[in-house]
Protein chains: 2
Amino acid sequence: MASLKDIAEASGFSIRTVSRALKGIGYVNEATRTRVLEAAGKIGYQPNRFARSLRTKKSYEISAVALSIDELHMAKIAAMEQILRQSGYVVNLIFGLQSNDGQEKTDFLNEVLSHRPAGVALFGGFGVDLKRYTDQIEQSGAQYIVFDTREKDVDSVRIDRQQGVYDAVHYLAKKGKRRIAYLGQQHDRSRLDGYERAIAELSLEKILVQPFLDAKDENLKWRQAARTLAEMNPRPDAIQAYSDTVALSFLAGLHDCGLRVPEDVALVGFDGRSMAEFASPPMTTVAQPNAEVGQKAAEILLKKIAGEPTPPEGWSVNVPSRLVVRESA
Amino acid sequence: MASLKDIAEASGFSIRTVSRALKGIGYVNEATRTRVLEAAGKIGYQPNRFARSLRTKKSYEISAVALSIDELHMAKIAAMEQILRQSGYVVNLIFGLQSNDGQEKTDFLNEVLSHRPAGVALFGGFGVDLKRYTDQIEQSGAQYIVFDTREKDVDSVRIDRQQGVYDAVHYLAKKGKRRIAYLGQQHDRSRLDGYERAIAELSLEKILVQPFLDAKDENLKWRQAARTLAEMNPRPDAIQAYSDTVALSFLAGLHDCGLRVPEDVALVGFDGRSMAEFASPPMTTVAQPNAEVGQKAAEILLKKIAGEPTPPEGWSVNVPSRLVVRESA
DNA sequence: TTGTAAGCGTTATCAC
DNA sequence: GTGATAACGCTTACAA
């Protein structure tokens, strides 16, 4: 592969001049520049990243770390990659080991850092030790951003789930629904908070549909919860579900009970997974703003890497989720 | 960050000796080795990839290139990454630009190669020029593997769709179905071939259900095709669909027509997307062997990079798809 | 405006 | 067995 030296020889200038002409930094005679660029083009020059990183002690790689693969993660990473690529960065992907052992996760992070990324984008699932991991990343000289974590003390691009569910409940009320239930566990707060806030504003009755806990697997837990709903009297006429997967399992249960969607019960999911679009009927859902989240994460990383001072409000940012209306509600 | 020099100073040996002790290559006194390892551990040494790559002219990065993001792609990449990471490689992700302009795609590949990957894993969608791209990759000194392409002259890990559909049709016949239809376009061959082969063996009637071409969008094209099926006399009692998305759009159409699945019509999808699992009813599907495909792709890349001679049968390989039985059939 | 020389952290070549 | 030393391709002082 061609190097600066090759261009220097081909164009008759020194390496230094060639370098400056190519990067457009410093004073270079216009005639020299064109001759250098011409030579570089003819020879098919591509700068050597390894040499550059070695010399400048700067990396141009961002590691995206997730403990599991997921459609929603990927959408965020893809959006992030578009931005980072434009700034000359490469995104590398590191998927977690299956183990839940804490020790292993530390080694895992060490492995990530051994590649000397300029930045690390972390997905959740690291549990309460997240702060320890981000500290370790910073200590290694890299910057980090976390995707959508509940942990408070870390820089993160968070999704405003509360407001999305709040909007959805108002949407349902506007469509004439009066008995709007929430389907999910009581201890998962953010969505539930949005639900409760809207219900209170609308002076409606708060109705909670819980999973059927004796079920054999996760899917049946929610599918069989539909029976609970079917037997309620009066029956809810709308459901906001915790997630798309929960909503679709529940939808199967509604079919089992002979209840029609949206005629008998309107149904709104959460997440905006592709499966919602292909459900029968296509499901209305509060979509995660993946593109915006990925973009924001990239921008924050770039700023932190560039050494910009922390803004007064900190690096963390909230992005709103948005209702995607289809046929189920 | 600590370098070999630091360890050399700390342990009292030369850089060269330290290097050999750490890599376990060549003759090193056992006592020296332990002292060196100790010093390296204490100092927290991590080798500098950039220096190593610069010196050896070898890259330890594999670029996974896709023109679009997709759950199935990601599952393959994730599997590939597990293997490659164990061999010290990093997988970096490059998603295509939206444009369909040929020129842009060439530049795009140039950009990929400018990062000097040791190997490139390509997903389809590059059209008939695929061979040109793989040639360009090899010319740059990198190795390549293509995921599941129809193009003949390139090394690829291919999915045996024919056999998967063949198995599914036999499965349907064994469950007593006698009027098994294929839902899809006539010009997409691989799945259709498997269908036709099985139908011929079983001496059943070949029935093709085509999309409703006047529909407004892709989804409705298949959803409205259900009407066609509903009006057939006698009506098919089972469907093998071209894909999961097609099958689910069609399923919505079946619901529209008041037909029950699997009681009135059994339905089998293709791809093994997560949406199939969450359909109502959970959908039987011929799943793509993503894990195996990714693993094979990684193994082939590693062998090609290691300079192993091309085996007599070439580098390409076929992996079987497999029927995942759920409730829809 | 351009050229020379040093150095980033490795690995490879050669002596000792 | 071990130690100097050069080289990979680039950037950055500094000199011309």
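Naming convention: chains lettered A, B, ... in sequence-line order (proteins, then strands); numbering from 1 in each chain.
Considering only residues two or more places apart in sequence or on other chains, A:Y45 meets the ring pair (Phe, Tyr, Trp, His ring centres under 6.0 Å) condition with none of them. Taking B:R322 as the reference, B:A287, B:V324 meet the side chain to side chain contact (heavy atoms under 4.5 Å, CB included) condition, with sequence neighbours excluded. Residues passing the ring pair (Phe, Tyr, Trp, His ring centres under 6.0 Å) test with A:Y89, sequence neighbours excluded: A:Y60. Checked against side chain to side chain contact (heavy atoms under 4.5 Å, CB included), B:S274 has the following partners two or more places apart in sequence or in another chain: A:M275, B:E71. By the ring pair (Phe, Tyr, Trp, His ring centres under 6.0 Å) test, A:Y144 pairs with no residue at all, sequence neighbours left out.
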Provide a list of protein-nucleic acid N or O atom pairs under 3.5 angstrom, restricted to nucleotides 4-8 of chain D.
| unit_1 | atom_1 | unit_2 | atom_2 | d |
| --- | --- | --- | --- | --- |
| D:dA7 | N3 | B:R55 | NH1 | 3.0 |
| D:dC8 | O3' | B:K57 | NZ | 3.0 |
| D:dC8 | O2 | B:R55 | N | 3.4 |

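Residue B:Q46 contributes atom CD, which lies 20 Å from atom P of C:dC8 at whole-angstrom precision.
Distance check, rounded to the nearest 0.5 Å: CG of B:L72 to CZ of B:R273 gives 4.0 Å.
A close approach under 4.0 Å does occur between a side-chain nitrogen or oxygen of B:T17 and OP1 or OP2 of D:dG3. Of the side-chain N and O atoms in A:Y60, none sit less than 4.0 angstrom from OP1 or OP2 of D:dC10.
As judged by a 4.0 angstrom heavy-atom cut-off over every strand, A:S53 is placed among residues making no nucleic acid contact.
Closest to the B:S3 side chain, of the nucleotides D:dG9, C:dT11, C:dT10, is C:dT10.
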